[in-house]
Undergrad: 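Here it is: the structure, laid out below.
What's counted below: heavy atoms across the whole structure, side chains too, no hydrogens, waters or symmetry copies. All ligand and atom numbering here is 1-based and tracks the order in the structure. Index from 1, following the sequence.
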Amino acid sequence: MPKTLSEKLPSRRSMLSGAAVLAAVPAFTAIQAQASSGHDQHSGSGAGSSSGAAAPSNARATAGGGSGGTVQPATTNHAGHAGFAGGSVPPDRAGIDPTAILRDFDRGKTSTLPDGRTLREWDIVAVDKDFEIAPGVTFPGWSYNGRIPGPTLWAREGDLLRIHFTNAGAHPHTMHFHGVHRAEMDGTPGIGAGSIAPGQSFTYEFDATPFGTHLYHCHQSPLAPHIAKGLYGGFIIEPKEGRPPADDEMVMVMNGYNTDGGDDNEFYSVNGLPFHFMDYPVQVKQNALVRIHLINVLEYDPINSFHVHGNFFHYYPTGTMLTPSEFTDTISQVQGQRGIVEIRFPYPGKFMFHAHKTEFAELGWMGFFEVSAS
Ligand code: CU
Ligand code: CA
Ligand code: CU
């Protein structure tokens with residue numbers, strides 16, 4: 001039976017006192033700065049900034065009541081409870097900027113191998129870090145490079161990839177990539193290098209294959225918290241010949257937050273921050289082809305979904321084919337499932353997108369596309 005908000009709240013409050021203690025843990029910012037330097041960052045909207053996208057209702061996010069012009073039922077529900085003021089946390093305070101993450105594809109540091117192939121290299125550091133994921137709610141996360149979700153790694157089919165992984169966290173971790181590779185590069189405990197202990201490093205090396213929209217995540221046991229604490233990210237392999245050009249391309253990682261222990265989530269989001277895209281709608285242009293790499297990493301709940309209002313889209317499961325399998329307005333994904341959504345908005349205006357699961361939507365997994373007239 002689905003849990004109601006009130007059933008979840010008492011344990012969430014008890015978690016809040018624990019979060020205050022954990023907030024005193026240093027955030028390893030020096031390590032993150034080192035990890036992110038020297039990269040050929042491709043960022044359509046400016047990684048780390050609040051992005052160029054307009055935020056017309058920004059002020060409402062800090063207003064507390066969340067009683068702006070838009071209908072926001074979950075905010076209303078949350079608003080009366082201690083420790084939760086409602087609305088989304090401003091990205092600079094949260095430590096997560098879902099709008100910047102949308103168009104932030106990290107192509108790594110590239111060089112050419114003797115055989116003419118491209119070598120792509122990344123430095124990824126696992127760090128423990130606190131995030132304010134909802135007003136007054138601190139989540140003691142485990143992250144890749146200080147962000148949830150981790151960087152979206154982008155490669156072209158056939159490239160050689162080297163991921164230099166350092167574990168600066170307090171627990172053993174791995175990086176497990178979806179794709180085709182040798183067993184010892186699989187990031188599975190007990191195989192090859194297996195678990196990477198705190199303070200240790202390992203370089204994963206494999207070819208970029210097959211093309212598609214993939215993901216990576218920690219595979220340390222117990223697996224559920226190692227994923228749910230934030231150790232995951234998108235892994236995009238572009239076909240060798242490319243895809244037909246899109247006018248806009250973005251990544252959306254669907255996740256959840258278990259803030260009070262147990263085996264359920266108290267919050268849900270796209271790109272890491274509940275309700276963010278209600279306050280900062282995804283800016284798109286009328287009639288433009290928008291390609292969305294949609295990835296579900298949600299732990300504890302068996303199925304996630306994506307639904308858009310007033311429109312239909314073509315869906316390419318796992319992104320491994322160049323022709324879509326479905327024309328729809330709703331798709332579902334289990335954990336680890338992903339695919340490409342291609343959509344054009346014929347009408348200007350604001351259109352909601354959300355999980356077609358009311359509980360998830362009301363706990364943060366909802367937002368808007370804002371379509372500007374062309
Ligand atoms: Cu881990
Ligand atoms: Ca919980
Ligand atoms: Cu997986």
Undergrad: Looking only at side-chain N and O atoms, does His293 offer a donor or acceptor that is under 3.5 Å from a partner on Glu249?
TA: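 Yes - a donor-acceptor pair under 3.5 Å links their side chains.
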Undergrad: Would you please indicate if the ring centroids of His217 and His178 are separated by under 6.0 Å?
TA: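 Centroid separation for His217 and His178: below 6.0 Å.
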Undergrad: Is the ring centre of Phe312 less than 6.0 Å from the ring centre of Phe327?
TA: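 Yes: the rings meet the under 6.0 Å criterion.
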Undergrad: Under 4.0 Å between a Lys/Arg side-chain N and an Asp/Glu carboxylate O for Arg117 and Asp207?
TA: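 Asp207 and Arg117: salt-bridged.
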Undergrad: Are Phe313 and Phe345 near enough that their ring centres are under 6.0 Å apart?
TA: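 Ring-ring flag for Phe313/Phe345: false, centres at least 6.0 Å apart.
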Undergrad: I'd like to know if Arg93 and Glu132 make a salt bridge, using a cut-off of under 4.0 Å between side-chain N and carboxylate O.
TA: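 Between Glu132 and Arg93 there is a salt bridge, with a charged N closer than 4.0 Å to a carboxylate O.
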Undergrad: With rounding to 10 degrees, what does the angle Asn258:OD1 / the Ca ion (ligand 2) / Asp264:O come to?
TA: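 Rounding to the nearest 10 degrees gives 70°.
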Undergrad: How about Gly262: does one of its N, O or S atoms come closer than 3.0 Å to the Ca ion (ligand 2)?
TA: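 Not a single backbone or side-chain N, O or S atom of Gly262 is under 3.0 Å from the Ca ion (ligand 2).
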Undergrad: Should the pair Lys229 and Phe139 be classed as cation-pi, given the thresholds of under 6.0 Å to the six-membered ring centre and 45° from the axis?
TA: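 That pair qualifies as a cation-pi contact.
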Undergrad: For the metal site, I want the angle between atom OD1 of Asp260 and atom OE2 of Glu266 with the Ca ion (ligand 2) at the apex, to 10°.
TA: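 Taking the Ca ion (ligand 2) as the apex, I get 80° for this pair.
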Undergrad: Counting backbone and side-chain atoms alike, does His176 have an N/O/S atom under 2.8 Å from the Cu ion (ligand 3)?
TA: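 Within the cut-off used here (under 2.8 Å), His176 places no N, O or S atom near the Cu ion (ligand 3).
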Undergrad: For distances below 2.8 Å, what is the count of protein N, O or S atoms around the Cu ion (ligand 1)?
TA: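 If we list every protein N, O or S atom nearer than 2.8 Å to the Cu ion (ligand 1), we get 3.
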